Amino acid sequence: MLFKNVSIAGLAHIDAPHTLTSKEINERLKPTLDRLGIRTDVLGDIAGIHARRLWDADMLASDAATLAARKALEDAGIGADKIGLLVNTSVSRDYLEPSTASIVSGNLGVGDECMTFDVANACLAFINGMDIAARMLERGEIDYALIVDGETANLVYEKTLERMALPGVTADDFRNEMAALTLGCGAAAMVMARTELVPDAPRYRGGVTRSATEWNQLCRGNLDRMVTDTRMLLIEGIKLAQKTFVAAREALGWAVEELDQFVIHQVSQPHTAAFIKNFGIDPKKVMTIFGEHGNIGPASVPIVLSKLKQLGKLKKGDRIALLGIGSGLNCSMAEVVW
């Protein structure tokens, strides 16, 4: 769907404070690596992830999302009482119920007319949340929407490292759970508004989505464990991305050379390289953070967009492509005009 009256009024991110390096992980797992004969630095040399950020142990997903939300509201120059919709999109969550969105909403003190709910779709959920909000804004049902995401990977690191250190772990076990050690913590939030309320703000044009849900078994995770077929996930993910890119080219009039920035979901070096190669993207137009922050799930796209803004790398009129794949498989591509 394409939109004519949807803009981004505020944007913010929070970097988690603590750094865990791949070197530290390799040192902790050295007995297992030596026993299995693994000499390659899989995390650093192959995945390209040299470090990731972690929160303090007591940080909840709602706490992280609330911090980012407050910054985004400040950036937009509005109070929480103006928000008509709050969507939480994080993979991480405090409880099965209530929704994390309701906890964030309570923390912020939104009005009683604000609709709140969670959207879960692996690493694609933030873009999904933007689309849901955009539809309501376009129809004039609300004036402002707040999309939030807080990812907490501390528990999965603790439990995965414990399992990988067990004497009976096999090479298959190690390979299947390695992707869990590429995850990172972080938070992001975006205030979206009807364009007439913020006429000078960046505009959200909309986007397209395609699915290949026959591949839903390639990555399955709980809060304390994630099992991934990284090879097939990359192969089938790129196939789906190619279909989605064709749809985006038709719907949005994309020509790769005319787009100014490509904000790609930050998974790993092979994933990013495959995107760049398959679509003929100029690497200079792709800001990467996975090397030091890891894969922050659905927060990664808004975090990169926020960092580009913070660094002054976005100028008026820039066309920015948002590209994401979520395990399942689902793929979305959208455009922001700065």
Side-chain angles (χ1 to χ4, degrees), residues 1-4 6-8 11 87 89 119 121-135 137-138 147 149 188 190 192 202-213 215 219 233-268 270-290 295-306 308 314 317-338:
M1 185 171 180
L2 301 182
F3 305 104
K4 296 181 178 179
V6 180
S7 293
I8 298 173
L11 180 64
V87 182
T89 65
V119 169
N121 195 17
C123 295
L124 204 60
F126 199 97
I127 298 177
N128 294 152
M130 291 173 65
D131 280 332
I132 293 167
R135 283 165 166 77
L137 290 163
E138 185 80 359
I147 318 303
D149 194 291
M190 177 184 290
M192 302 180 75
R203 191 163 61 88
Y204 182 57
R205 288 191 65 205
V208 300
T209 298
R210 294 291 184 270
S211 66
T213 50
W215 297 105
C219 180
L233 191 65
L234 177 59
I235 291 171
E236 296 302 329
I238 290 298
K239 286 181 183 178
L240 179 59
Q242 289 170 333
K243 292 181 181 179
T244 312
F245 194 83
V246 170
R249 191 167 56 206
E250 294 175 357
L252 298 164
W254 278 5
V256 172
E257 64 277 6
E258 294 177 0
L259 294 165
D260 299 289
Q261 295 283 348
F262 291 82
V263 177
I264 300 173
H265 168 219
Q266 306 280 311
V267 178
S268 64
H271 176 273
T272 303
F275 260 94
I276 290 172
K277 179 181 178 181
N278 278 274
F279 304 127
I281 298 171
D282 181 352
K284 295 178 182 178
K285 295 182 178 182
V286 180
M287 178 182 179
T288 60
I289 63 169
F290 60 79
N295 176 2
I296 320 176
S300 68
V301 165
I303 286 175
V304 171
L305 187 63
S306 180
L308 285 168
L314 302 176
D318 276 357
R319 297 178 66 191
I320 305 155
L322 311 181
L323 313 176
I325 300 175
S327 58
L329 289 168
N330 295 282
C331 181
S332 285
M333 297 187 179
E335 182 178 338
V336 172
V337 180
W338 205 252

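This one's a predicted model, so the numbers in the text were calculated from it and none came from an experiment. What you see below is based on every heavy atom in this structure, not just the backbone, and it leaves out hydrogens, waters and symmetry mates.
For the pair Q266 (side chain) and M287 (backbone), a donor-acceptor distance under 3.5 Å is present. Distance alone, capped at 3.5 Å, is enough to place a donor-acceptor pair between the N278 side chain and the A274 backbone.
To the nearest 0.5 angstrom, M130 atom CE is 4.5 Å from Y204 atom OH. Atom OG1 of T209 sits about 6.0 Å away from atom CG of L124, to the nearest 0.5 Å.
Looking at R135 and E138, no side-chain N of the basic residue comes within less than 4.0 Å of a carboxylate O on the acidic one, giving no salt bridge.
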Quick one: do T89 and N128 satisfy side-chain contact (heavy atoms from CB on, under 4.5 Å)? Show the steps, please.
-> CA-CA 8 Å; T89 65; N128 294 152; over 6 Å; no

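Each of I303, L305, L308 was scored for a side chain to side chain contact (heavy atoms under 4.5 Å, CB included) with L11, with one residue passing: L305.
Heavy atoms only, all atoms of each residue included: L2 and A251 are closest at CD1-O, 3.4 Å. G129 and I147 get closest at one heavy-atom pair: O-CD1, 3.5 Å. The minimum heavy-atom distance between L252 and R319, with the atom names listed, is O-NH2, 3.5 Å.
Between the side chains of Q261 and D318, no donor-acceptor pair of N or O atoms lies under 3.5 Å.
Using cut-offs of 30° and 60° on the angle between ring planes, the pair H265 and H271 is perpendicular.
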